Amino acid sequence: HTRGARGAGRRFTMASTSAAATVRADLIRWCERVESRDRREAPPTPTLWNREKIGKDVALARELHLAGGAVRKRVTHAPSPSGDAVAVNPGHAWEVWFHVVAYAVRPDAVDAPREEGETGADEMDARVPSRARLILSTRADVGGGCGAPHRLILDDRSDGERESSNTAEAAGTTRRERRRPLPSRDAETDAQTSPPSSATTNAAVYPGQLCVRGLALALASTSIGERCVVRVRPTYAYLHPRARPCPRGVDVEDDIWLDVESVRASGDATRIRIDATRTRADGAGGRTRDEDGDLATAPVVHKTVTREGEGWESPRPPFEIVLELVGRACAMEPNEEGPNASVFAPRTRVRCVSGDGTLPAPLSAAVDTMRVGERCVVWCEPGAYLEDVVVCDRRVPAAGVAAGVEFELALESMVHVRDLFGDGIVFKRREKEGAGEFPADCPVHDCACRAHFSVRVRPSVGFSGFSDDDDPVFDTRNATGEPLEFTLGCGTLPEALETSFRLAVPGEVSRVTLNDARHPRHGYVGEDQPGAAAVFAALAKFTGKETVALEFVAELVSFDRPVNWHRASLSAMLDEARKLKDEGNELLAGGKLALARSKYEKTVRNLEGLRGLDPAEHEAVYDLRRKTTLNLAAALQRSGEHAAAIARLEKLLDEDPDDAKALWRRSVSFLATHEHARARSDLSRCAEIDPSTAEEVRAQLRRVEQREIEGVARERAVAERALG
């Protein structure tokens, strides 16, 4: 009987253990399903039109106040005042340098009693719960930290928010990041029984992952030199909508305890936004994945300008740039002369193309915000992405990976290189600066220009460059010696060359490369264009399968500035409009329908933008706009775009329903689109308004009837063939 009772008890114990394991597994699966659900959007907050306008600094203080018990701060060391010195608190958009020692605490262990005789190794350990787990330390005297302070810009979106290109929405999903795997019972027990000071820092955790929203709010109210303890609840830590993914070993529902010491603050730094579409998967800021397969966030990059540059334009792909840089690994706390750091990339002059991958993505993004002559210091936050960063054939050392790196940059020069149409076919490289500001002093609008250009023909592949003995196949200086005078928008020059002149200032010399000499749009399209005969003769020497390029050397000598439609008199604007309309008429007569349409559309758009006219002026503007619109409809009809022509004419008929010429033009488009009844209606109305067109209307009506009969016959034939 006793043996049977013991056996039953043993079986009951085994069954209880198995049931507990099943319940735990079910709980873990349920948690994972809940975390993978779509995040609910917060209800919109109504904004009153007369609400009180507050500053950014006040908004941070108010957010800290509203956080309540979710963000608790306790000062452990306050800087001693000296003389009339006043404590400095960082404000909105200030860069704060700080040391942090971070602990994670389970919610059920926050208020756990301390064991008898338990003491901490320093002031922080005496104030955190006994079962806290050390996550990371930047202090060299706690947890073996790197000793370099971290940096954070106190703006509304810098504290852990993902870049717009790295958000879950950009990846095609709105799901939350999955919860980190829960530790086993043994691991949890070991973590709870181990004192905080005996924990070791996880090598995969970096300070940037601890920059939760609660930390930013606490730093905004921390004076320079002050040290405090901050407890952050999950709602202002990793359950915050703008939080970064949890570091390894931390659960999203853990409380975060932080020992924070503010070291330095400055209002000169700005954060650089990294566009992931222009980076490469080289570990330097592209869309990479961490060890758990989650999408990694873009690294945080700060830029501090030490000397302002000149002009307003910054590099962008594919500009050619020359810069000087020095790379340092942050190693210790800053002193009066700046941070002590070890140089891993000595002073080097770098020549590259913006966005070509020569510079790592964080550095390239910072360079693209500089101006010529500017000097700045760029700080890249520590992280595993730095392990793959190579600058001037030098890799970032381990100290830089753990503490971050700084680069001193000086942009010496940049050469404007533009992909004119964004298709990789035509590139314009500025060879000589002109007189004027871009684009205010460029002939962007249609006007008369005077220019010189030469053209050479070369293979697109395997070409090493022209020599001094290579003569161009055509040069305007050899032809007449005088600059070529032409009007933009009339198709006088190839589109590639004409567009390059639109983006040049007087006196500028540029090299324009057309990688496909036979391109039907950007290249030579007619024998009447200057240099076309010589170019076609040179192209005939190449086989049809070989890709040939054209290289132009273009110089804009001068141009006639067009009328300013915002400041000129009405008579001057009307003269300019008539000039554009006449140019369109010549192009229409010559069969250049696309160019004529462009001229007409520009004229109509300019005239429609005129406001504040008296009746006489309005009548003059309307008469010119009506004539131009009718010509535009004719160009659209000859191009087969009858729907667009009908839309233009209907807009005209809305203003004057008795416009006989507009009715006639619309009837032509109705006939072309097989709307015979509407075509008859417009023709009948046209004859009523203008009896002089009666004979032409009768002839057109007979044509409509004949077209309708032919259409019915075609439909009958198609039906008979389909039905056998």
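All values reported here derive from a predicted model rather than from experimental measurement. Positions are given from 1 along the sequence.
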Less than 4.0 Å between a side-chain N and a carboxylate O, is that true for [Y] and [X]?
X: Arg106; Y: Glu253; result: no
X: Glu387; Y: Arg395; result: no
X: Asp259; Y: Arg139; result: no
X: Glu308; Y: Arg371; result: yes
X: Glu324; Y: Arg347; result: yes

### Message
For Phe319 and His416, take the angle between the two ring planes, folded into 0 to 90°, and tell me which bin it lands in: parallel under 30, tilted 30 to 60, perpendicular over 60.
### Response
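The arrangement is tilted - the two ring planes meet at 30° to 60°.
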
Ignoring hydrogens and angles, tell me if any N or O in the side chain of [X] forms a donor-acceptor pair with the backbone of [Y] under 3.5 Å.
X: Glu381; Y: Val300; answer: yes
X: Arg213; Y: His240; answer: no
X: Arg244; Y: Gly208; answer: yes
X: Lys303; Y: Val367; answer: no
X: Thr304; Y: Asp268; answer: no
X: Thr358; Y: Asp356; answer: no

Once rounded to the nearest 0.5 Å, what's the spacing between atom [atom1] of [X] and atom [atom2] of [Y]?
X: His150; Y: Leu210; atom1: NE2; atom2: CG; value: 8.5 Å
X: Ile272; Y: Cys380; atom1: CD1; atom2: SG; value: 10.0 Å
X: Cys228; Y: Arg74; atom1: SG; atom2: CZ; value: 10.5 Å
X: Leu219; Y: Ser262; atom1: CG; atom2: OG; value: 6.5 Å
X: Phe438; Y: Glu313; atom1: CZ; atom2: CD; value: 6.0 Å
X: Leu134; Y: Tyr103; atom1: CG; atom2: OH; value: 5.0 Å

### Message
Between Thr138 and His99, does the side-chain hydrogen bond (donor to acceptor under 3.5 Å, both in side chains) criterion hold? Intermediate values first, please.
### Response
CA-CA 6 Å; Thr138 61; His99 278 296; 3.1 Å; yes

Closest contact, heavy atoms only, [X] versus [Y]:
X: Ser354; Y: Pro315; result: OG-C, 4.4 Å
X: Phe98; Y: Cys211; result: CZ-SG, 4.3 Å
X: Ala220; Y: Leu154; result: CA-CD1, 3.8 Å
X: Pro299; Y: Tyr385; result: CB-CZ, 3.3 Å
X: Trp379; Y: Cys330; result: CD1-SG, 4.1 Å
X: Val212; Y: Tyr236; result: CB-O, 3.7 Å

Side chains of [X] and [Y], heavy atoms from C-beta outward: is any pair under 4.5 Å?
X: Ser314; Y: Thr369; answer: no
X: Cys392; Y: Val350; answer: yes
X: Leu359; Y: Leu323; answer: yes
X: Leu411; Y: Ile321; answer: yes
X: Val417; Y: Val353; answer: no
X: Thr222; Y: Val260; answer: no
X: Asp255; Y: Arg233; answer: yes
X: Phe407; Y: Leu363; answer: yes

### Task
Assess whether side-chain contact (heavy atoms from CB on, under 4.5 Å) is satisfied between Thr348 and Val391, documenting all intermediate values.
CA-CA 10 Å; Thr348 308; Val391 181; over 6 Å; no

### Message
Looking only at the side chains, is there a donor atom on one of Glu226 and His77 sitting less than 3.5 Å from an acceptor on the other?
### Response
no

#### Entry: Qualifying residue, where the test is side-chain hydrogen bond (donor to acceptor under 3.5 Å, both in side chains) with His302 and the options are Glu406, Arg151, Arg271, Glu95
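The side-chain hydrogen bond (donor to acceptor under 3.5 Å, both in side chains) with His302 is passed solely by Glu95 among Glu406, Arg151, Arg271, Glu95.
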
### Message
side-chain contact (heavy atoms from CB on, under 4.5 Å), that's the test. Do Arg316 and Met414 meet it? Break it down for me.
### Response
CA-CA 10 Å; Arg316 58 182 178 271; Met414 65 179 179; over 6 Å; no

#### Entry: Ile135 vs Ile256, side-chain contact (heavy atoms from CB on, under 4.5 Å): CA-CA, chis, key distance, verdict
CA-CA 9 Å; Ile135 306 172; Ile256 306 299; 4.3 Å; yes

#### Entry: Worked verdict on Ser266 versus Trp97 for side-chain contact (heavy atoms from CB on, under 4.5 Å)
CA-CA 9 Å; Ser266 171; Trp97 298 33; 5.8 Å; no

### Query
Does atom CG of Asp393 have more than 12 heavy-atom neighbours from other groups under 6.0 Å away?
no

